[in-house]
Structures are given as C-alpha cells and as structure tokens.
Amino acid sequence: MKTKFSTSIPLLLLAAEGVLFAQPCRIEVVEKGTGWPVPMVELRTTHNVRFVTDNAGVIAFDLPELMGSETWFDVMGHGYERAKDGFGYRGVRLKPEPGKTLRVEVSRTIIARRLGRLTGGGLFAESQKLGHELDWPESGILGCDSVQNAVHQGKLFWAWGDTTLPNYPLGIFDTTSATTAPQPLASFEPPLRLKFNYFKNEKGVPRGVAKMAGSGPTWVSGYVSLPDKQGRPRLVGTYVKIKPPLDAYECGLCVWNDQTANFEPHRVLWTRSETQPKQPPAPEGHPLFWKDAAGKEWVLFGNPLPRLKCPATFEAWQDPSTWEVLKPQPTLPSAADGKPVKLHTGSAAWNSWRKRWVTVFMEAFGKPSAFGELWYAEAATPTGPWGKAVKILSHENYTFYNPRIHPEFTASDSPILIFEGTYTMQFADRPPATPRYDYNQVLYRLDLDDPRLWPAQGAD
C-alpha cells in the first residue's frame with residue numbers, strides 16, 4: 001500500500017506538470033509607436049526553431065525545452081525589425097513561461113503598413129492555439145497565386161491562379177474564384193479578417209471556374225465587367241493555356257456565365273505555331289476605366305502601366321480591330337537618386353484623394369530582393385508620363401509579385417491606398433519558405449499623406 005501510494009505521487013506531479021506545460025506562452029509582436037499587431041514576423045531560436053506571427057500578430061510558443069529559460073530570438077520581419085546589438089544581431093531575449101503573455105516591439109522601416117494575409121490556411125492558427133479566434137472558418141485552401149478583381153452585379157469578384165489544397169501537392173489549376181462586397185473591410189487596421197464566398201463543387205470544396213480545353217493550367221486576367229449593347233453587364237477576361245515550365249501556347253477571350261458560375265471560351269486569339277511563335281497583344285493584366293479629353297470612355301489594360309486600350313463596351317472588347325496598342329514607359333526615375341527603376345508587374349488606378357493616377361509596381365531585378373521591391377508613382381493621365389518613384393516596400397530575399405491596387409476598398413475622400421501581392425519564395429535565392437504565408441496574398445496599406453511620398457507627388 002505504501003509503495004503504491006509513493007509511486008503514484010510522482011505520476012500525479014508529472015501529470016500536473018504536463019498539463020501546465022501544455023499551455024503555450026503568448027508572444028505578441030506589435031509595431032512600435034502604434035501598438036498595431038504585425039503579421040508575418042518570424043522569431044527564430046538559436047537551435048533554428050521558427051515561429052511566425054499570425055494575422056493577429058501572435059505566436060503560441062510551446063517548446064518544452066525552453067520554457068522558463070532565458071531565450072534569444074532572431075527577429076525577421078520584411079520591413080519590421082529590431083535594432084542591431086553589438087554583434088550585429090537583430091533580435092530579442094525573452095523568458096517564455098506557460099500561460100504568460102510577452103510583447104515584442106518592432107520598428108517599421110518601410111512606408112507601407114502590413115495588414116495581414118488574405119488567403120491560405122491558418123490565418124489565426126497561433127491565436128487559436130491560445131483559445132482565441134475560434135469562430136474563424138477555414139476555407140479549405142492553403143495557397144493562392146496572383147489575384148484579379150472586378151465589380152460585377154453589385155459584388156466584387158475575385159480570381160486567383162494556381163491554388164494549393166490540403167489533400168495533394170497538385171491543387172486547382174483552372175482559376176479559383178470568390179465574391180465579397182465591393183468594400184469588404186470595415187477597418188484598415190490589423191488584424192485583417194476578410195471572408196471570401198468561394199465558388200465550390202458539390203462536395204463543398206473550392207473549385208476551378210475556367211476549365212478551358214487543353215492540357216496544363218488556365219490563367220485568366222484582364223478581369224472586367226463591361227456593358228453590352230443592351231446595357232447588360234458582362235464579366236469578361238482573357239485566358240491563356242500554359243505548359244511547363246511557364247510557356248503559353250494558347251490565348252483567347254472568355255465570358256462569365258452567371259447561371260453556371262463559370263468562364264466559358266468566347267474566342268481563340270492565338271495558338272502557338274512556327275509562323276506565329278509569340279502571343280500578340282491582348283486585353284490582359286489589370287484594367288482601368290478612363291475618359292479622354294473628348295469624353296470617350298475607354299478601358300485600358302496593363303501590368304503595371306497600360307499596354308492596350310479599347311472602347312469600354314463588350315462589343316469593342318471582343319473585336320480586335322478596336323484595340324489600340326500602347327507603349328508604356330519601361331523605367332521610372334528613382335526619387336532617391338534619379339537612377340532608372342525597371343518596371344515588372346503591378347497595377348494602376350485613379351485616386352480621388354490625390355486627383356491623380358497612381359501605380360504600385362514591382363521592380364525587375366531590384367535590391368535586396370530581385371523581385372521583392374515595390375514602388376509608388378503618379379501621373380496626370382494613365383498613359384503618362386509617369387513621374388518619380390518612391391520605394392514603399394522591401395523584402396529580405398523573398399518575392400512579392402503582381403501587386404494589385406484596390407481602389408474600390410476605400411471612400412473617395414480617403415488618403416488610404418490598399419494593395420496586395422503574391423508572397424512567394426519563387427525567383428528568390430533559395431530562402432526557406434515562410435510557413436503558411438508562402439504562395440499567398442498579403443495585403444498592405446499605404447497612407448498617401450505620408451511625407452515620405454512627397455517626392456513622388458511633386459512635394460505638393
């Protein structure tokens with residue numbers, strides 16, 4: 001009896017101790033000065049265990065070997081950082097304890113503010129480990145490539161390229177889509193909570209909406225709603241069929257069927273052949289509406305600056321004889337040193353607060369990241385000339401391509417500009433993929449009244 005009692009005491013203590021250590025330590029990462037939570041900040045231990053903040057700026061730290069121990073964390077945040085110590089390390093020393101809350105302040109070194117991740121799984125996974133955000137629903141999607149948007153029939157339509165699913169490495173390759181309200185955010189401060197109404201199959205799983213004939217992925221761009229001659233809005237796009245590694249072999253026009261909620265082929269524009277190896281100009285990229293000096297309304301397509309325009313009607317869009325090819329500026333001067341900045345991908349939009357056309361674009365072969373440096377510039381007309389550019393966002397050996405401005409998100413009198421882009425390890429120098437965030441859309445806010453943007457605004 002005595003032996004049984006004495007052996008059970010340690011077991012009870014171990015069980016109690018196990019329950020205690022099952023409680024993570026809550027680590028909050030916030031921006032110095034504002035206290036805003038900062039998503040996508042990585043804390044890494046000296047034995048290379050990585051933790052990344054969720055959309056609420058939270059980490060659920062649960063390493064039993066470091067509980068109660070003074071622990072050094074390297075801090076990496078793509079524009080949010082800690083000051084260097086005497087040895088050049090940027091980080092923080094913390095003592096994690098079960099059930100305790102610790103706070104880490106980081107300084108923002110970029111002009112844009114990170115609001116959070118839009119797509120993928122586990123947007124609030126760290127918070128949920130701590131018992132918060134438990135009502136946040138999972139979409140069933142883990143990763144989404146480049147976005148397209150159009151306001152159609154009173155809704156904001158979204159379309160993404162190749163999409164990662166949980167059940168197999170190969171996911172959706174014929175355009176995932178969803179809808180939201182045209183102004184889907186009530187606040188432009190983190191934590192970001194934007195719920196998509198995905199188009200799903202009979203099993204309730206997100207599905208592709210552009211199943212064009214032919215092998216390989218189908219990508220749709222030039223996503224825009226145009227009136228036909230009866231005044232009916234028609235949601236349209238330009239599709240390309242892709243074969244490995246990233247080569248287009250067919251391009252055509254497609255039209256959204258409101259009854260079946262699918263894009264249907266409308267007209268093939270080009271098929272690769274020996275006599276026509278290169279794709280001709282087409283209404284691709286991101287559209288914008290523009291009324292010229294004579295009062296004629298056009299829709300312009302570009303990525304980032306306009307490359308093609310046609311009258312803003314469904315009939316003109318489907319008739320290549322009405323299209324006019326444009327030649328955008330290949331570079332813009334840097335406001336910092338006057339050196340040319342080569343434009344790669346991005347979008348442009350009219351900004352009512354600035355009363356100017358604005359663009360957010362990714363630089364080609366920038367530094368420190370070849371395809372992770374984003375810039376802002378303005379123009380009096382969408383066809384230019386565009387003025388000096390100011391860098392607003394930088395990444396540490398990571399890619400952030402195809403940025404898309406969301407002018408519909410904000411009121412006309414707002415100085416806030418919202419944009420997103422695809423955050424991915426692709427085309428960078430073999431960085432480790434950021435858990436959950438890699439190959440997903442991340443949303444940023446740019447305050448156009450920030451004095452650091454004055455050089456791009458003519459200092460007005």
Side-chain angles (χ1 to χ4, degrees), residues 25-59 61 70-96 101-117 126 189-192 336 360 362-363 366-376 390-400 403 419-421 423-425 428-438 440 442-447 450-453:
C25 176
R26 178 186 177 95
I27 302 177
E28 302 173 346
V29 179
V30 300
E31 181 184 343
K32 186 177 181 179
T34 66
W36 285 13
V38 186
M40 206 173 79
V41 173
E42 179 180 325
L43 272 59
R44 187 181 301 178
T45 68
T46 57
H47 64 334
N48 294 309
V49 179
R50 305 168 65 200
F51 296 88
V52 183
T53 58
D54 64 11
N55 264 16
V58 168
I59 286 170
F61 181 86
E70 196 171 70
T71 302
W72 173 265
F73 295 91
D74 288 320
V75 177
M76 291 150 280
H78 297 298
Y80 293 83
E81 63 183 30
R82 298 278 297 182
K84 289 183 179 179
D85 67 10
F87 294 97
Y89 293 111
R90 295 186 185 274
V92 63
R93 190 177 285 108
L94 304 172
K95 188 178 181 180
T101 296
L102 303 174
R103 175 170 282 209
V104 177
E105 283 192 338
V106 289
S107 298
R108 179 167 54 93
T109 60
I110 50 177
I111 299 177
R113 299 172 182 264
R114 187 152 62 244
L115 297 183
R117 181 160 55 95
E126 299 296 303
E189 297 182 11
L192 175 64
V360 172
M362 184 194 77
E363 178 184 5
K367 293 181 179 180
S369 291
F371 298 104
E373 310 305 303
L374 270 70
W375 297 71
Y376 170 87
V390 171
K391 185 183 286 192
I392 57 172
L393 178 57
S394 181
H395 291 83
E396 304 155 25
N397 190 29
Y398 229 85
T399 296
F400 196 79
F419 69 91
E420 67 173 284
Y423 175 81
T424 173
M425 64 181 288
D429 187 16
R430 293 176 292 180
T434 306
R436 295 194 175 100
Y437 283 87
D438 187 72
N440 269 301
V442 179
L443 194 70
Y444 282 84
R445 161 180 170 165
L446 188 64
D447 294 331
D450 191 316
R452 290 172 292 180
L453 294 177

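Keep in mind that the numbers below use all heavy atoms, side chains included, and drop hydrogens, waters and symmetry copies.
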Chi angles and distances behind the side chain to side chain contact (heavy atoms under 4.5 Å, CB included) call for E189, R113:
CA-CA 9 Å; E189 297 182 11; R113 299 172 182 264; over 6 Å; no

Do Y444 and F400 have ring centres separated by under 6.0 Å?
yes

Does some side-chain heavy atom of E126 sit less than 4.5 Å from a side-chain heavy atom of T53?
no

Where the side chain of N440 meets the backbone of R436, is there a donor-acceptor pair that is under 3.5 Å apart?
yes

Taking R114's backbone N and O only, do any of them form a donor-acceptor pair with Y80's side chain (distance below 3.5 Å, no angle check)?
yes

Check: F73 ring centroid to F61 ring centroid under 6.0 Å
yes

Starting at CZ of R108, measure out to CH2 of W36 and round the result to the nearest 0.5 Å.
8.0 Å

Measuring from atom CD of E42 to atom CD of E396, what distance do you get when rounded to the nearest 0.5 angstrom?
9.5 Å

Walk me through it: do E70 and K95 pass the test salt bridge (Lys or Arg N to Asp or Glu O under 4.0 Å)?
CA-CA 4 Å; E70 196 171 70; K95 188 178 181 180; over 6 Å; no

Judged by atom type as modelled, is there a donor-acceptor pair below 3.5 Å linking the side chain of S369 to the main-chain atoms of Y398?
yes

Here the pair of heavy atoms bringing P96 nearest to C25 is CA-SG, 3.8 Å

Do the ring planes of Y423 and H395 sit parallel (below 30°), tilted (30 to 60°) or perpendicular (above 60°)?
tilted

